Amino acid sequence: MHLLLVDGSGYIFRAFHALPPLNRKSDGLPVGCVQGFCNMLWKLMEDLKGDDEPTHMAVIFDAKGKTFRDDFYPDYKAQRPPAPEELVPQFPLTRSATRAFNIPSIEMEGWEADDIIATYACKARDAGYKVTVVSSDKDLMQLVEPDGSIRLLDTIPRPGQPPLRWIGMDEVFNKFGVTPDKVIDVQALCGDAVDNVPGVPGIGIKTAAELINTYGDLETLLSRATEIKQNARREKLIANAELARISKRLVTLSQDVPVELDLDALARQPVDPGKLFPFLKAMEFATITKRLAGLLGADPEAWEPDPELAVKQSGPIGFNNEARADARAARAVASGKAEAPLILHAAAEHARIKAIPFRPDHYEIIRDAAHLQRWLDAIYMTGYVATDTETTGLDNQTADLVGISFSIAPGTGAYLPLGHTTGQGDIFGGGAAEGQMDSREALGILRPMFADRSILKIFHNAKYDLGLLARYDVAVNSIDDTLLLSYALDGPQYNTMGELADHWLGVPGTSIKELIGTGKTQITFAQVDLEKAARYAAEDSDMTIRLWHVLKPRLAAENMTTVYETLERPLAPVLGRMESRGINVDRQILARLSGDFAQRAAALEAEAYELAGSNFNLGSPKQLGEILFDRMGLEGGTKTKTGAWATGADVLEDLALKGIPLARTIVDWRQLNKLIGTYTNALPEYINQRTGRVHTTYSQHSVLTGRLSSNDPNLQNIPVRTADGRKIRTAFVAAPGKILISADYSQIELRVLAHIADIGALKDAFEEGLDIHAMTASEMFGVPVEGMPSDVRRRAKAINFGIIYGISAFGLANQLAIPRGEAGDYIKTYFERFPGIKDYMEEQRKRVKADGFVTTIFGRKINFPNANSSHAAERSFVERASINAPIQGSAADIIRRAMIRMEGELKRAKIDADMLLQVHDELIFEVPLGTEAEAMVAIKQVMEGAAEPAVRLSVPIQVDAHAAHNWDEAH
DNA sequence: GCAAGGACGTA
DNA sequence: GTACGTCCTTGCA
């Protein structure tokens, strides 16, 4: 018979300092000690086989509250600081873990774990058991038996030491200088600062051992204290005899705790996969789950995560409330009213990480397979890794891989150089630099790690690395992204690694410019000196892991987990694939348009010179203003904020109406010139040599409201409003054998407004499929929809848009070219007809002033740090923006959800369709010719249902889809 | 060579 | 009145 007693509380406290901190991947719940605890439990079962295999087992914990020791010595453990914040949530989880392994979890109020352990150990010893106590607590060393019937076992992982360290007679003697039965006498004399056991002041462990070995035990020593020769020692012992006796009582473990379970009840039970896997999956311990599944011959997929412990998933109905609760909690945090351990935990993590110094000389350069394998082993041990690719350029569709860096903990870092060349600045590139692994071999080694779902890969801007690695056939599963964490938490406030490092870590990141220079003399990263490159690259990963440790716990603390998990992280790979696909652009159509536009622009230019009476640079607003308002002396000119003449299109239109033909000519010239410069001439330059297509880059983290932006080239502002502009869209064509589909949300923002502000009249109109602007006009002006003059509808439309933009009389007057007073009357009438809108606007104004942010219906936060600015114009601006942001942002969230779900749904419906572009309320697809009808049905379904189940909108969502060979006709 | 300002393309 | 990105000129280094 062999009883194994685990000192659960002792393990947690010691493991806390010995193990790397680890948070649950989904929500930042700290679980490092729980994971260490689970590892320890199953390793014990693995290691203690044969003679050492326990027949009985229990895990003992400290209960909350006072113990009997407090009754006679209130200062006992009084100086112990409260448990670290990240430990607190782990206490109950270790109990759950114990039960998950089908092991009794024992704790008793009024007793310390040590007393319960002592009671069971002695009972078992007397019954002839062998006893092992899993602990390294010196207070338990008094239990060790010389014959080995009771031993301690220390299992806290420590670098450079064996995983199991037995503590028997010899080890106790080494520690206390006495046999185990005299340990309490020694402790009574030397005391214990940590537990606030007083002992005899001035007597340390060595003196105590010497005295006890001389006199036999404490009582004998105290009764014969007068015999001691050393004056000081004698006086101290006599003066503090009572303190020594109290100390002995404090350290002596009780052996007669009235335990409820008898020894038989501790007999080992077989592990029950139905208890174990739901727990492990809820904790997201992928590696342990896999190993235990192998050991037990079980399929972990057969069990769902324990719903009590898992990250709360948004249910069909619950989400709206949850999002509101999130928003409430976030407001509480912002106003400092929240009391939440997670907030303190996040703050503590920030302080901890910030205090860890950077040690560039500790970074490693990986030059061979063995070294790479050592890092891989470390990554698998850790379960996560910050990683970053170094390349020859900013465009992941053309750049080449130069190296990869890794970091598994703050202060660690390694750089794996793969594509460095010799010969700095040599345009022929030189040969490969010495001391680099073959990139095919290295990628072959790394591929399984990147694909492994149990290893979390932490990037800063994962979309870039994913798109690049995909070109090297490296698939990446399980990602986190510090850029998107920051965006979910703080919006586009900090963007670059440098800004984040500066703000959160208090260090200026090395600028890439220091390595590659700028302008004409710029080199690529491949040409950077390898040692320098390694320091830069490893530092990048080091900073990424630090930022992750700082930002990830904030997610749970600030209730942004759902936003990050459902709107940010899963979108990045989707966008990455859209960028990789690109879109087919017909070079010849653009060339023909360039010629046509240039010819017409030249004619207009000549006409302008004629009308102006001199040659000047038509592209210069400065020169134009001087000609119009100084030389020609035209009236009514206004100045811009810098004092220059304003010559915008609205000003020129005005002049044209007043009979100044030059103004019209300039307007037309500018339009053509814009089309040439920004589109017909620029776009062909973006056609990728390798793919023959144009690949935009989306920014997921730049827009305040949650929209995407598109750049290099911007494919979200391809002209559509004018006939000439639309011709450019005809150059965006389907590949041979394919056809384009454009699917766009109809009036999505007005529908969202009707839902959020709960406007019955608007909702009814959408429900009945009415012309919403005509309906508005009819309500406002009392004009029947039938036979309504187009100008009346136009005004109503302007007002509807104005509402979405946070209307002002000034702005509406400008838009409609009517007097301010008249515009003000319109707005008044509107608010009278739709009082709910006014309430909504007031609510947002109030919110932004009180909280500094507003939220979308999915819980996304939009920050306005200037909400209480002393500048009136700035304040008004914030008010308008805070009215617009929830509307624009909720619509943006809806299309994000559609995009995230789209690929999976199309695949499920066995529809072959590639999502290529997003233009805020529109998605462009490329599908095989002939399949467009069924594709459109499926696409519409996903888009129209995108808000659900998270939010059940109270207005119908309508999507219009068209298929055609080019984008102009499909739109 | 770079930043700022003006102008203008989109939703 | 909201939210963006790009091109061109201008002015300064």
Side-chain angles (χ1 to χ4, degrees), chain A residues 491-492 513 517-522 616-625 639-652 666-667 669-679 681-683 685-686 696-699 702-722 724-726 728-729 744-745 747-750 753 798-816 820 823 826-827 841 844 862 864 873 876-889 891-892 895 917-922 971:
Chain A
K513 286 180 186 160
T518 58
K520 261 175 138 174
T521 55
Q522 189 170 328
F616 67 102
N617 187 344
L618 293 199
S620 166
K622 186 167 177 275
Q623 292 178 31
L624 177 64
K639 299 275 181 92
T640 66
K641 60 176 183 285
T642 56
W645 289 112
T647 68
D650 49 342
V651 176
L652 296 181
I666 299 285
V667 168
W669 180 89
R670 275 187 182 165
Q671 194 203 18
L672 286 171
N673 227 42
K674 177 80 176 178
L675 297 180
I676 296 167
T678 309
Y679 304 104
N681 280 353
L683 279 173
E685 301 296 316
Y686 284 101
T696 184
T697 302
Y698 288 102
S699 176
S702 296
V703 182
L704 198 64
T705 55
R707 275 191 178 180
L708 304 178
S709 72
S710 157
N711 58 66
D712 299 307
N714 182 353
L715 296 186
Q716 289 181 323
N717 71 344
I718 303 302
V720 71
R721 285 174 192 179
T722 64
D724 278 331
R726 268 202 302 279
I728 290 164
R729 291 204 167 206
D744 69 292
Y745 284 105
Q747 308 281 13
I748 183 79
E749 293 192 347
L750 273 179
L753 172 66
I799 294 168
N800 276 335
F801 275 98
I803 295 295
I804 291 173
Y805 296 154
I807 203 153
S808 75
F810 181 84
L812 184 63
N814 256 342
Q815 174 69 29
L816 290 176
R820 267 267 271 295
Y826 282 180
I827 295 170
M841 292 176 132
Q844 301 310 310
I862 297 135
F864 292 98
S876 308
F877 177 78
V878 168
E879 284 182 12
R880 290 192 298 273
S882 67
I883 288 164
N884 170 259
I887 305 169
Q888 187 183 115
I895 196 168
L917 302 179
Q918 189 250 39
V919 192
H920 308 308
D921 64 359
E922 174 188 16
H971 185 69

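Chain naming here is simple, since letters A, B, ... match the order of the sequence lines and numbering starts at 1 in each. Predicted model only: the values in this text are computed from it and were never measured.
- Residue-level contact check: A:S876 touches neither bases nor backbone, having no heavy atom under 4.0 Å from any strand.
- Here A:S620 reaches the OP1 or OP2 of C:dT10: one of its side-chain N or O atoms lies under 4.0 Å away.
- The shortest distance between the side-chain N/O atoms of A:Q623 and the OP1/OP2 oxygens of C:dT10 is below 4.0 Å.
- In the set C:dT6, C:dG1, B:dA11, C:dG1 carries the atom at the smallest distance from any side-chain atom of A:I807.
- Rounded to whole Å, the distance from CG on A:L715 to P on B:dA11 is 13 Å.
- Between the P atom of C:dA3 and the OH atom of A:Y698 lies a distance of 21 Å, rounded to the nearest Å.
- Side-chain atoms of A:R729 come within 3.5 Å of backbone N or O of A:I718 as a donor-acceptor pair.
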Evaluation steps, side-chain contact (heavy atoms from CB on, under 4.5 Å), between A:L708 and A:Q716: CA-CA 9 Å; A:L708 304 178; A:Q716 289 181 323; 4.2 Å; yes
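- Checking the phosphate oxygens (OP1, OP2) of B:dG9, no side-chain nitrogen or oxygen of A:T678 falls inside 4.0 Å.
- In this structure, the nucleotide among C:dT6, C:dC7, C:dT2 sitting nearest to the side chain of A:D712 is C:dT6.
- With C:dG1, C:dG5, B:dT10 as the candidates, the nucleotide lying closest to the side chain of A:S709 is C:dG5.
- At a threshold of 4.0 angstrom between heavy atoms, the contacts of A:A885 with the nucleic acid are absent.
- When the side-chain nitrogen and oxygen atoms of A:R707 are compared with OP1 and OP2 of B:dA11, none of them lie within a distance under 4.0 Å.
- The CD1 atom of A:I718 sits 18 Å away from the P atom of B:dC8 (whole-angstrom rounding).
- Of all nucleotides listed (B:dG9, C:dT2, C:dC4), C:dC4 comes nearest to the side chain of A:L704.
- Between the A:T696 side chain and the A:N711 main chain, a donor and an acceptor come within less than 3.5 Å of each other.
- Put simply, the side chain of A:N717 and the base of B:dG9 share a donor and an acceptor less than 3.5 Å apart.
- In this structure, of B:dT10, C:dT9, B:dC2, it is C:dT9 that holds the atom nearest to the side chain of A:N617.
- Out of C:dG1, B:dA11, B:dG1, the shortest distance to the side chain of A:K520 is found at B:dG1.
- Distance CZ (A:F801) to P (B:dT10): 13 Å, rounded to an integer number of Å.
- Comparing C:dG5, C:dA3, B:dC2 by their nearest atom to the side chain of A:N711 picks out C:dG5.
- The residue A:A798 sits close to a base: some heavy atom pair falls under 4.0 Å.
- Across all strands shown, A:T647 has heavy atoms under 4.0 Å from sugar-phosphate atoms exclusively, and none from any base.
- Between the side chain of A:Q888 and the base of C:dT2, a donor-acceptor pair under 3.5 Å is found.
- Base engagement by A:G802 is indicated by at least one non-hydrogen atom pair under 4.0 Å involving a base atom.
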Derivation and outcome, side-chain contact (heavy atoms from CB on, under 4.5 Å), residues A:H920 and A:Q888: CA-CA 9 Å; A:H920 308 308; A:Q888 187 183 115; over 6 Å; no
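- A donor-acceptor pair under 3.5 Å links the side-chain atoms of A:Y698 to the main chain of A:Q918, judged by distance alone.
- Among the heavy atoms of the strands, none lies under 4.0 Å from A:E922.
- One can place CD of A:Q671 at 18 Å from C1' of B:dG6, the figure rounded to the nearest angstrom.
- OP1 or OP2 of B:dC2 lies within a sub-4.0 Å distance of a side-chain N or O belonging to A:T518.
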A:V919 vs A:L715, side-chain contact (heavy atoms from CB on, under 4.5 Å): CA-CA, chis, key distance, verdict: CA-CA 8 Å; A:V919 192; A:L715 296 186; over 6 Å; no
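- Regarding A:H920, its NE2 atom lies at a distance of 10 Å from the C1' atom of C:dG5, rounded to whole Å.
- Checked by atom type and distance alone, the side chain of A:S882 pairs as donor or acceptor with a backbone atom of A:E879 at under 3.5 Å.
- The nearest whole Å value for the distance from the CD1 atom in A:I803 to the P atom in C:dA3 is 16 Å.
- Nucleic acid contact class of A:I887 (heavy atoms, under 4.0 Å, all strands): none.
- Among C:dG5, B:dA11, C:dG11, the nucleotide with an atom closest to any side-chain atom of A:K622 is C:dG11.
- Comparing atom distances between the A:R721 side chain and each of C:dA3, B:dA11, B:dG6 picks out B:dA11 as nearest.
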Stepwise side-chain contact (heavy atoms from CB on, under 4.5 Å) check, A:I887 with A:Y805: CA-CA 9 Å; A:I887 305 169; A:Y805 296 154; over 6 Å; no
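- Rounding to whole angstrom units, CG of residue A:L618 and P of B:dG6 are separated by 19 Å.
- In this structure, A:A891 reaches neither bases nor backbone, as no heavy-atom distance under 4.0 Å exists between it and the strands shown.
- At the phosphate of C:dC4, neither OP1 nor OP2 sits under 4.0 Å from any side-chain N or O atom of A:S702.
- Distances from the side chain of A:S808 to the nucleotides B:dA11, C:dG1, B:dG6 place C:dG1 closest.
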